[in-house]
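First up is the structure itself, then whatever we jot down about it.
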Amino acid sequence: MLDPKLLRADIDSVASKLKRRGYELDVEAFNKLEEQRKAIQVETQNLQNERNTRSKGIGQAKAKGEDIQPLLDEVASLGEKLKTAESELNKIQSRLEEILFGIPNIPDDSVPDGNSETDNVELRRWGTPAELDFEPKEHFDLGSAKGLMDFEVAAKLTGSRFVVLSGPLARMQRALEQFMLDTHTQEHGYSETYVPFMVNRDSLFGTGQLPKFEEDLFALKGDSNYYLIPTAEVPLTNLVRDVIVDDEYMPRKWVAHTPCFRSEAGSYGKDTRGMIRQHQFEKVELVQAVRPADSYDVLEELTGHAEKILQKLGLPYRVMSLCAGDMGFSSAKTYDLEVWLPGQGTYREISSCSNFEDFQARRAQARWRNPETGKPENITIPEVLRPYMGDIEKI
RNA sequence: GGAGAGAUGGCCGAGCGGCUGAAGGCGCUCCCCUGCUAAGGGAGUAACUGGUUAAGAGCUGGUUCGAGGGUUCAAAUCCCUCUCUCUCCGCCA
């Protein structure tokens, strides 16, 4: 959510920046509502003030043993007036909020113009796609041929857009997860984190999936408050929801491996073959909470961390700066990493790095200030697990 | 699933429906004292937000004692619903 003060102070420039991403802000409507809000809020607070001082007076009179009936008669009509004013104020404020929560983040000035994918700007390439003297196959042909990747049996178990991996392929997925976690924790300074795979509405609201994108989520048991996470970004970012942290707390660097669940509503017919657009997939997510002034440097740094993984794996890729019209709702600037897919003869998105500025923080009421340092305690690791944990003996 | 207890400021912990934004303690900040250390004395110490303003300075309002409703002139205090935490019993693919 944008800073309401920014909208009050300089709505025109906000509107023109939002226009770059194809969002039309109704300036006139907002200003009008805002004017009403101000008038009614002042009136309401005046009435509250009157009630407070009068009630105090009644209390004091009673304490002195005076007759309070005349005073009670005086305030008789106050309650009704206050109630009316308050409900009017609530109505206007919730309308303002509705507008506010529906406004996407402002694209940074460095974000290229454009409306769609085709306007994204390539920044750099790494690696060269191999020259092959044979016809490369798609991953699903390779996997299916070896009997290690089975979409049919997954469809039987659940439905379309799921997969069963077997033997070395399942193990390779695990190896990738481990490799990424180890690289990010040991070389890039992230703190490994295990989080719930289900979150409540407040958390989804904090990162901006709700209220607008409910249909992209899997909810549990109808009207329950539990949703499967579409990305670990949700639990990780919400770690600091409603929290005021100390300056020393920053920067915070989290990495988590989780399954992700997406309904892929609206993408029917797209990428129906293979593992590219599944309802369930594994992801290693990086999230940093940093001081506002550092956020753009950190975006570059974090993108570099993601690139490092592809470099170590020897996978050619390119870095795209998404244009204003192609960025996600909460993002102020986004880089996509696109990896070369020999079977498709093209680069495809594999990773996405965004700076949300204070958009999510404000939504989630995450602020910074005071620290809470816990004392570390030693936990002995069972011997058989040590090989999987870099041979350390204690935590 | 059943029975019970609880949720108050950075932390601990009081709190008869009005004079409690909240006693007391700890912590923290500043000052005094003490040749170091320890101790002692004094003062201060919630957040958010509206209006005003160039202002995150000041002034002046409002809101907040787990959350949401309600009763009342007045609610941390009374009533209802919900969430979470703790204890005991049951269940556990």
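Chain naming here is simple, since letters A, B, ... match the order of the sequence lines and numbering starts at 1 in each. Worth saying up front: this structure is predicted, and the values here are computed from it rather than measured.
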Taking 4.0 Å as the cut-off, does a side-chain nitrogen or oxygen of [X] come that near to OP1 or OP2 on [N]?
X: R37(A); N: G51(B); result: yes
X: N52(A); N: G18(B); result: no
X: R8(A); N: G50(B); result: yes
X: K38(A); N: U52(B); result: yes

Write down the distance separating the [atom1] atoms in [N] and [M], rounded off to the nearest Å.
N: G13(B); M: G66(B); atom1: P; value: 14 Å
N: C19(B); M: A75(B); atom1: P; value: 11 Å
N: U77(B); M: G17(B); atom1: C1'; value: 7 Å
N: A3(B); M: C80(B); atom1: P; value: 16 Å
N: C79(B); M: U72(B); atom1: C1'; value: 12 Å
N: U37(B); M: G25(B); atom1: C1'; value: 25 Å
N: A46(B); M: G10(B); atom1: C1'; value: 9 Å
N: C12(B); M: C86(B); atom1: P; value: 15 Å

If you go through the side-chain atoms of K62(A), does one of them form a donor-acceptor pair with the base of G18(B) closer than 3.5 Å? yes
Polar side-chain contact Q45(A)-G62(B) base: donor and acceptor under 3.5 Å: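 Answer no: no donor N or O sits under 3.5 Å from an acceptor.
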Determine which nucleotide pairs with [N], using a 3.5 Å limit on both distances of a Watson-Crick or G-U wobble pair.
N: G61(B); answer: U49(B)
N: G56(B); answer: none
N: C73(B); answer: G18(B)
N: A7(B); answer: U83(B)
N: C91(B); answer: none
N: C30(B); answer: G42(B)

For [X] and [N], give me the distance from atom [atom1] to atom [atom2], rounded to whole Å.
X: L82(A); N: U72(B); atom1: CG; atom2: P; result: 14 Å
X: I40(A); N: U49(B); atom1: CD1; atom2: P; result: 21 Å
X: R362(A); N: G56(B); atom1: CZ; atom2: C1'; result: 14 Å
X: E74(A); N: C73(B); atom1: CD; atom2: C1'; result: 11 Å
X: D3(A); N: C48(B); atom1: CG; atom2: P; result: 14 Å
X: I68(A); N: U72(B); atom1: CD1; atom2: P; result: 15 Å
X: F205(A); N: A67(B); atom1: CZ; atom2: P; result: 18 Å
X: R51(A); N: A74(B); atom1: CZ; atom2: P; result: 7 Å

Inspect the contact between [Y] and [X] and indicate whether a charged nitrogen and a carboxylate oxygen are less than 4.0 angstrom apart.
X: R20(A); Y: D113(A); answer: yes
X: K38(A); Y: E43(A); answer: no
X: E285(A); Y: K283(A); answer: yes

Quick one: on RNA chain B, does G79(A) or K5(A) contact a more 5' nucleotide (nearest heavy atom)?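 Per heavy-atom nearest nucleotide, the more 5' residue is K5(A).
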If only atom types and distance count, is the side chain of D67(A) paired as donor or acceptor with the main-chain N or O of Q69(A) below 3.5 Å? yes
Between S87(A) and T84(A) (side chain of the first, backbone of the second, donor and acceptor by atom type, cut-off under 3.5 Å), is there such a pair?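 Answer holds: yes.
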Across the strands shown, which category fits N46(A) at heavy-atom distances under 4.0 angstrom: base, sugar-phosphate, nothing? nothing
Check every strand shown and say whether Q41(A) touches a base, only sugar-phosphate, or nothing at a heavy-atom separation below 4.0 Å.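 The answer is sugar-phosphate, as Q41(A) gets under 4.0 Å only of primed atoms, P, OP1 or OP2.
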What distance separates L72(A) CG from R54(A) CZ, expressed to the nearest 0.5 Å?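 Atom-to-atom, L72(A):CG and R54(A):CZ are 11.0 Å apart.
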side-chain hydrogen bond (donor to acceptor under 3.5 Å, both in side chains) partner of T334(A), the single match among S352(A), S321(A), S354(A): S354(A)
Among [options], find the nucleotide with the atom closest to the side chain of [X].
X: N49(A); options: A74(B), U52(B), G62(B); result: G62(B)
X: K83(A); options: A74(B), U71(B), C84(B); result: U71(B)
X: V42(A); options: G51(B), C73(B), G62(B); result: G51(B)

Say whether V339(A) and M180(A) are linked into one hydrophobic cluster, either directly or through other cluster members, by side-chain heavy-atom distances under 4.5 angstrom.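 Linked within one cluster.
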